[in-house]
Amino acid sequence: MSEFDFTALPANDRYNLIIGLVTPRPIALVTSMDASGRVNAAPFSAFNYMCADPVLIVLGVTNRPGQKDESGRPIPKDTAQNIRVRGEFVVNVVNEDLADAMNICCLDFPHEVSEIAEAGLTTIPSTRISVPRIAEAPASLECREVITVERGNSRVIIGEVVYAHVREEFIDPAGPYIRAEQLHTIGRMNGAGNYVRTRDAFFKLPRPTLAEWQQRKK
Ligand SMILES: Cc1cc2nc3c(=O)[nH]c(=O)nc-3n(C[C@H](O)[C@H](O)[C@H](O)COP(=O)(O)O)c2cc1C
């Protein structure tokens, strides 16, 4: 076994190790909006749903690496600043069709350049919140910030999903369920640029009952 003391490791080594071990990670293409109404989009793979009643999701946003303001304070990413201002954001689900555009949205464009337009995406109004969603996304979750926890350069944003938009073709009305085998979401793996597909990658692992398990052991 290789051993690592995370309290003593340089931040970059911790990052490299953790992103290789917590895999695959779903990707949220997050839309947020500043005080003047400018819409921002950026991908986050420190992202997941945490519980369902109500539905709470988390986003992990680190400060801009190596950048400080005039007072020497770290600079939060635009997404974090916008959520602090408005308390609202949209998680747009990333599938194969959205992968290239998502990858453009993470570039460090000058403030006046819209990464959404650069990526060939468009926005449409949300239903319950002021922040618009990505029209091309297969599904979007409108979220209100519940609480944000800050520690060092890290910020964990917890949001409550208050409204969902899912393209008709991905809904099985019997549930309603999501036709996840057809959604073709992608996941982020270790290192920059490493992803996995979920297309044709599903397998079944039926959960045995306790009685079946006890029978099997005999
Ligand atoms: C697939 C992918 C996942 C990412 N996940 C995160 C993440 O979880 N946390 C983070 O702080 N940055 C993450 N990034 C980097 C941000 O997207 C990038 O810093 C972006 O420019 C931030 O934009 P903003 O300043 O407009 O918020 C990720 C980038 C990519 C391509």
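Position 1 is the first residue of the sequence, and the numbers go up from there. Read the numbers this way: they start at 1 and go in the same order the structure lists the ligands and their atoms.
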Visitor: Look only at interatomic distance and state if Ala46 has a nitrogen or oxygen under 3.5 Å from any nitrogen or oxygen of ligand 1.
Guide: yes
Visitor: Nearest to atom 25 (O) of ligand 1, what protein heavy atom do you find, and at what distance?
Guide: Asp78 N, 2.9 Å
Visitor: Would a distance-only check, ignoring hydrogens and angles, find a side-chain to backbone donor-acceptor pair under 3.5 Å from Thr198 to Thr185?
Guide: yes
Visitor: Note the single closest protein heavy atom to atom 5 (N) of ligand 1, along with its residue, its atom name and the distance in Å.
Guide: Ser45 N, 2.9 Å
Visitor: Does Arg64 come within less than 4.0 Å of ligand 1, judged by its heavy atoms?
Guide: yes
Visitor: Would you mind telling me if ligand 1 is within reach of the side chain of Glu115, the backbone, both or neither, using heavy atoms under 4.0 Å?
Guide: neither
Visitor: Report the nearest protein non-hydrogen atom to atom 27 (O) of ligand 1: residue, atom name, distance rounded to 0.1 Å.
Guide: Thr79 OG1, 2.6 Å
Visitor: Of the protein's non-hydrogen atoms, which lies at the shortest distance from atom 12 (N) of ligand 1, and what is that distance?
Guide: Lys77 NZ, 2.9 Å
Visitor: Following the transitive rule for hydrophobic clusters with a side-chain heavy-atom cut-off under 4.5 Å over Ile, Leu, Val, Met, Phe, Trp and Tyr, establish whether Ile83 and Val61 coincide in one cluster.
Guide: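 Yes; tracing contacts between hydrophobic side chains, which count when under 4.5 Å, links both residues.
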Visitor: Using side-chain contact (heavy atoms from CB on, under 4.5 Å) as the criterion, point out the one residue from Leu56, Val156, Ile158 that pairs with Ile147.
Guide: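 Answer to the side-chain contact (heavy atoms from CB on, under 4.5 Å) test with Ile147 among Leu56, Val156, Ile158: Ile158.
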Visitor: Could you identify the single nearest non-hydrogen protein atom to atom 17 (O) of ligand 1 and state the distance to 0.1 Å?
Guide: Pro43 O, 2.8 Å
Visitor: List the closest protein heavy-atom neighbour of atom 3 (C) of ligand 1: residue, atom name, distance to the nearest 0.1 Å.
Guide: Arg188 NH1, 3.3 Å
Visitor: Tell me which protein heavy atom sits closest to atom 20 (C) of ligand 1, plus the residue, atom name and distance to 0.1 Å.
Guide: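 Of every protein heavy atom, Cys106 O, 3.8 Å lies nearest to atom 20 (C) of ligand 1.
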Visitor: Consider side chain to side chain donor-acceptor pair (under 3.5 Å). Of Asp78, Asp69, Asn153, which one does Arg64 pass it with?
Guide: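 The side chain to side chain donor-acceptor pair (under 3.5 Å) with Arg64 is passed solely by Asp78 among Asp78, Asp69, Asn153.
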Visitor: Asn63 and side chain to side chain donor-acceptor pair (under 3.5 Å): which single residue from Lys77, Arg155, Lys68 fits?
Guide: Arg155
Visitor: Could you establish whether Thr62 and ligand 1 come within less than 4.0 Å of each other, counting only heavy atoms on the residue side?
Guide: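 Right, Thr62 reaches ligand 1.
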Visitor: Do Arg25 side-chain atoms and Met189 backbone N/O form a donor-acceptor pair below 3.5 Å?
Guide: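 Yes: the side chain of Arg25 pairs with the backbone of Met189.
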Visitor: Pick out which of Gln182, Glu181, His184 makes a side chain to side chain donor-acceptor pair (under 3.5 Å) with Arg199.
Guide: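 That would be His184.
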Visitor: Would you mind reporting whether Ile75 and Gln81 have side-chain heavy atoms less than 4.5 Å apart?
Guide: yes
Visitor: Looking only at protein heavy atoms, which one is nearest to atom 23 (O) of ligand 1, and what is the separation?
Guide: Ala42 CB, 3.3 Å
Visitor: Please state whether Tyr195 comes within less than 4.0 angstrom of ligand 1, counting heavy atoms only.
Guide: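 Tyr195 counts as a contact of ligand 1 under the 4.0 Å cut-off.
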